[in-house]
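Everything below concerns the one structure shown next.
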Amino acid sequence: MNTGKVVLGVLAGLAVGAALGILFAPEKGTKTRKKISRKGDDYVDELKDKFNDFLETLTEKFESAKEDADDMIEKGKSKVNEVKREVKNAVN
């Protein structure tokens with residue numbers, strides 16, 4: 001859940017930064033709005049990149065877990081077949 005906290009922190013930072021930018025802007029409103037818009041776009045792009053990295057990491061972990069599960073299933077099937085052979089040999 002650390003990534004969720006990071007995303008929440010980034011969003012909170014965006015909100016605080018935008019509010020402070022408006023409050024302390026020494027320039028005309030149009031220039032300030034353009035700067036805020038550009039900065040917002042930069043933050044959105046950065047957030048998208050972080051989200052895509054998060055999804056990629058999550059996908060990799062899911063695929064790894066899936067492969068591990070498939071390996072365990074195969075080992076389980078092999079063990080079941082081995083026990084069946086042993087039981088069959090013991091009965092005969």
Side-chain angles (χ1 to χ4, degrees):
M1 284 298 142
N2 287 336
T3 305
K5 289 180 183 179
V6 170
V7 171
L8 183 61
V10 168
L11 292 175
L14 280 172
V16 170
L20 290 175
I22 291 169
L23 291 174
F24 295 107
E27 298 175 342
K28 288 183 174 183
T30 55
K31 286 185 179 181
T32 301
R33 284 190 294 275
K34 284 181 184 178
K35 280 185 176 181
I36 290 172
S37 176
R38 276 181 273 162
K39 202 63 158 166
D41 290 342
D42 291 344
Y43 287 137
V44 167
D45 290 340
E46 185 177 337
L47 189 59
K48 284 180 183 178
D49 290 341
K50 288 185 184 279
F51 184 72
N52 286 335
D53 290 344
F54 170 71
L55 285 179
E56 185 176 321
T57 301
L58 189 63
T59 301
E60 288 172 0
K61 287 183 178 182
F62 175 78
E63 289 298 324
S64 176
K66 183 180 173 191
E67 288 174 8
D68 290 346
D70 288 342
D71 288 344
M72 280 197 277
I73 289 169
E74 287 303 316
K75 287 179 182 177
K77 286 179 182 178
S78 176
K79 190 68 171 175
V80 166
N81 289 335
E82 181 182 326
V83 170
K84 282 182 181 179
R85 280 191 299 272
E86 289 177 7
V87 168
K88 186 177 180 180
N89 289 337
V91 172
N92 292 332

- Message: Applying a strict under-4.5 Å side-chain criterion to I, L, V, M, F, W and Y, I'd like to know whether Val6 and Leu58 cluster together.
- Response: no

- Message: Nearest 0.5 Å, please: how far is CD in Glu67 from CZ in Phe62?
- Response: 10.5 Å

- Message: Looking at Tyr43, I'd like to know if the NZ or CZ of Lys39 sits under 6.0 Å from its six-membered ring centre while staying within 45 degrees of the ring's axis.
- Response: yes

- Query: Within the side chain of Thr59, is there an N or O that forms a donor-acceptor pair under 3.5 Å with the backbone of Leu55?
  - Reply: yes

- Starting from the C-alpha separation in whole Å, work towards a yes-or-no answer on side-chain contact (heavy atoms from CB on, under 4.5 Å) for Glu86 and Glu82. CA-CA 6 Å; Glu86 289 177 7; Glu82 181 182 326; 3.4 Å; yes

- So do Val44 and Lys48 actually touch side chain to side chain, heavy atoms under 4.5 Å? yes

- Item | Inter-residue atom distance Asp42.CG - Leu47.CG, 0.5 Å rounding | 12.5 Å

- Task: Kindly compute the distance separating CG (Asp41) from CZ (Arg38), expressed to the nearest 0.5 Å.
- Result: 9.5 Å

- Query: Side chain of Ser64, backbone of Glu60: donor and acceptor closer than 3.5 Å?
  - Reply: no

- Query: Can you tell me how far NZ of Lys66 sits from CG of Asp70, rounded to the nearest 0.5 angstrom?
  - Reply: 6.5 Å

